[in-house]
Amino acid sequence: MEIRTDFNKRLREIQDDILIMGSMVEKAITTSIKVLKEQDMTLAQQLIDDDKYINRKRFEIEEKCIRLIATQQPLAGDLRIIISVLNMLTDLERIGDYAAGIAKIALLIGCEEHLKPLIDLPRMAEKTVSMLQRSLDAFTKRDAAVARQVIGEDDEVDKLYDQVFRELISFMIEDPKTITRATHLIWVAHNLERSADRVTNICERIIYIATGKMEAYNYKNKN
Amino acid sequence: MTVYNFNGQACSEGKIKAENLNFYYGNFQALRNINLDIPGCAITAIIGPSGCGKSSFLRLLNRMNDLIYGSRIEGTIELDGKNIFDKDVDVVDLRKNVGMVFQKPNPFPISIFDNIAFGPRQHGKKNKIELEEIVENSLRKAALWDEVKDKIEQSALALSGGQQQRLCIARVLSVEPEVILMDEPCSALDPMATLKIEDLMRSLAKNYTIIIVTHNMQQAARVSDNTAFFMMEEDRSGSLVEYGSTSKIFTNPKDKRTEDYITGRFG
Amino acid sequence: MRNISAKQTQKIAMAGIWGGGVITLLLLIVIIGYVLIQGLPGINWEFLSTNPKGGLSGEGGILSTVVSTLYLIGITLVILVPLGIGSAVYLSEYAPNNRLTRIIRYGIETLAGIPSIIFGLFGYALFVTALSFKFSILSGALTLVCLLLPTMITTTEEALKAVSYSYREAALALGTTRWQMISRIVLPSALPGIVTAVILCIGRAIGETACLYVTMGGSAAMPSSLLEGGRTLSLHVYYLAMETNAMGKAMATAAILIIIIILINGLTNWLAGRFQRKMKGIS
């Protein structure tokens with residue numbers, strides 16, 4: 001016999017919602033890099049507009065969590081889930097903002113030709129999306145090991161970022177006329193790098209849900 | 001490891017120490033192999049489902065179970081290093097030192113003054129001035145003095161439930177115990193009265209060792225420094241499942257059964 | 001079968017209950033009223049202040065019988081109350097729940113059901129003859145004690161048991177001894193119930209005739225010591241009614257008896273009520 005049926009239902013609902021929001025954010029990042037690559041201004045504008053749905057979803061879930069805390073007095077594992085979800089919401093919402101930010105940069109760049117073919121940036125995006133996907137998977141499975149692994153992968157994104165950064169700096173040194181275009185791309189890289197960091201935050205929360213331990217990870221210096 | 005209470009005081013470890021404790025009602029084993037080390041000057045909450053032996057355990061600490069015909073104890077409970085079941089321990093002295101507050105407020109049907117003075121009087125204090133002092137001090141410590149100082153000669157039964165329970169706490173304080181046992185002290189009270197009692201417990205924890213049995217998990221979480229979770233075994237005897245700091249038990253219990261119980265998914 | 005609705009059953013039941021109550025009340029009024037109407041005219045100062053003269057005509061008053069009655073009740077209570085309360089305290093507070101206790105309880109219950117004349121014969125054999133107290137107030141009182149002890153014990157025990165267990169726990173948890181707990185908390189709390197037990201016993205003592213007939217004799221003279229015989233009011237009513245033709249005097253004596261009973265009941269109820277109010281702080 002299941003006790004606290006209603007509570008269980010609501011708690012599951014919140015977790016489903018987080019997964020939905022996660023996939024919305026995932027899609028936003030993928031789309032943002034596509035926008036940049038294909039210089040599709042209509043899609044860029046739509047992506048910026050669609051960010052409000054992610055924000056709306058965030059407040060919806062947050063409200064559900066608050067209501068559950070206020071009325072159901074969740075404890076132990078349940079409490080850890082709800083508190084972690086509240087934290088994950090901010091991270092996901094932020095990643096959504098970064099995606100919208102990339103779309104805004106795409107609008108700024110407009111139809112101007114890119115400095116060089118985009119290779120590392122899509123790889124960064126791909127890596128970030130894969131980290132996000134696996135973190136959400138770890139969340140459903142309460143798998144601390146996978147979460148720790150994902151956190152480790154942040155290094156790869158950082159490395160890609162350093163690489164892109166250096167490359168673009170050298171463009172700027174060589175030819176100061178490229179400064180505007182190079183800076184725009186550095187912003188994009190920066191947004192992606194921050195998104196991956198947010199994913200590691202989410203992973204820390206998953207470890208907390210699974211083990212009750214708050215593990216802080218030292219990242220290599222960020223800007 | 002030094003244990004700290006809410007007030008940031010270091011607690012003396014091992015104020016009360018149960019070792020390999022078994023307790024039987026006739027042939028029925030009510031408690032199985034309890035080992036528990038309760039620190040002084042802190043609040044320890046005992047939680048668990050009905051029939052898990054938590055009240056039985058509490059009542060062993062001042063030997064109230066002595067009153068039950070056919071009960072039997074194995075193992076020891078040490079209070080300040082002295083086994084309370086030793087032959088040379090006077091149960092009357094023990095109970096003076098280990099006071100008890102019960103589930104239902106149970107003031108005697110006499111005046112407020114006489115209720116508080118009852119204990120000291122039975123222990124030989126007859127001096128009126130001295131008694132008045134004890135009564136006032138006890139009522140002040142129980143945060144009741146201001147509410148009753150003008151009607152100290154009136155019957156205690158005229159007080160509200162919450163006031164009656166604080167009166168009972170004052171009555172316990174009047175005989176100057178070191179340990180106060182509370183057996184679901186708020187289960188008959190409304191939420192406001194309950195919070196008042198909890199405040200009172202926190203202020204008393206500076207000077208007394210308090211052990212509270214409660215069904216109300218939120219209460220255990222709010223008020224206690226450490227929490228012990230008792231559960232029934234398959235043969236219906238009670239045993240200690242998990243014991244630790246309250247914040248640990250309520251955010252990250254080690255045992256699955258504790259988790260199931262405090263998240264309300266027991267059974 | 002006819003279908004009676006719940007409402008109808010309710011009506012019938014209510015009618016039955018009311019009917020029972022009314023009949024009881026009527027009986028009481030009729031009996032007391034009859035005795036008082038018949039008896040009151042015969043009461044005057046002379047009737048109250050002279051002793052019965054004896055003889056078939058039933059001449060004289062009732063003074064010595066009133067005095068004998070009061071003596072008898074006084075002595076009975078002095079022995080009965082401490083003994084009864086003591087036994088009740090033992091049974092309810094100290095006696096372990098074992099076979100011996102069960103036998104004692106069974107004995108008490110059985111004694112309560114034995115007709116009073118049997119106690120009378122026992123009293124005659126033991127007190128009057130064997131202990132040679134003769135026909136005397138003492139013999140009568142001791143016999144009454146035997147007769148009333150079961151009632152006194154069971155009623156007091158009920159009163160003690162009605163005292164909340166939580167008071168006992170509270171007292172013991174404060175580090176009092178068992179006796180302090182009983183004497184300071186349990187007995188005072190049970191007092192109203194104990195008073196009721198005493199009233200019940202006084203009532204039965206006043207009304208008793210059979211067992212006193214064979215232990216006190218029936219001397220109508222004013223008793224000067226406990227070892228003299230005497231005649232109680234109810235015994236006097238019996239004598240007047242059965243052995244004289246002074247029916248009027250019997251009625252007058254009965255009226256006095258009823259008045260005394262009403263007074264005693266009223267007084268004890270008042271005392272118990274006052275005490276209880278003081279305990280609960282309603283006053």
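Note: hydrogens, waters and symmetry copies are ignored here, and every other heavy atom, side chains too, is used. Within every chain, numbering begins at 1; the chains are lettered A, B, ... in the order of the sequence lines, protein sequences first and strands thereafter.
- The CG atom of B:D183 sits 8.5 Å away from the CD atom of C:E169 when rounded to the nearest 0.5 Å.
- The line from CZ of B:F118 to CD of C:Q180 is 7.0 Å long, rounded to the nearest 0.5 Å.
- Highest contact tally toward chain C, considering only B:M100, B:E153, B:Q103, B:H123, is held by B:H123 [criterion: heavy-atom pairs under 4.5 Å].
- Interface remark: B:R171 contributes backbone and side-chain atoms alike to the contact with chain C (heavy atom separation under 4.5 Å).
- Around the CD1 atom of C:I103, the shell of radius 6.0 Å holds more than 12 heavy atoms that belong to other residues, nucleotides or ligands.
- Listed for the B:Q122 side chain is no donor-acceptor partner under 3.5 Å among the backbone atoms of C:T176.
- Of the possible donor and acceptor atoms, one in the side chain of B:N106 sits under 3.5 Å from a partner among the backbone N and O of C:S166.
- Around the NZ atom of C:K161, the shell of radius 6.0 Å holds more than 12 heavy atoms that belong to other residues, nucleotides or ligands.
- No more than 12 heavy atoms of other residues, nucleotides or ligands sit less than 6.0 Å from atom CD of C:Q10.
- Rounding to the nearest 0.5 Å places CZ of B:F102 at 8.5 Å from OH of C:Y165.
- Contacts between B:V98 and chain C at a heavy-atom distance below 4.5 Å involve the backbone alone (N, CA, C, O).
- Contact annotation for B:P177: neither backbone nor side-chain heavy atoms come within less than 4.5 Å of a heavy atom of chain C.
- Across every non-hydrogen atom of B:V172 and C:L174, the tightest pair is CA-CD2, 3.9 Å.
- A 6.0 Å sphere centred on CG of B:N27 holds no more than 12 heavy atoms belonging to other residues, nucleotides or ligands.
- The most heavy-atom pairs under 4.5 Å with chain C, out of B:K104, B:M64, B:R63, come from B:M64.
- In B:K141, the NZ atom is crowded: over 12 heavy atoms of neighbouring residues, nucleotides or ligands sit closer than 6.0 Å.
- Partners of B:K126 under the side chain to side chain contact (heavy atoms under 4.5 Å, CB included) rule, at least two apart in sequence or in another chain, do not exist in this structure.
- For a heavy-atom cut-off of 4.5 Å, chain C lies close to B:V92, B:R95, B:K96 in residues 75-96 of chain B.
- Between B:F108 and C:S189, the closest side-chain pair of non-hydrogen atoms is not below 4.5 Å.
- Within 6.0 Å of CZ in C:R105 there are more than 12 heavy atoms belonging to other residues, nucleotides or ligands.
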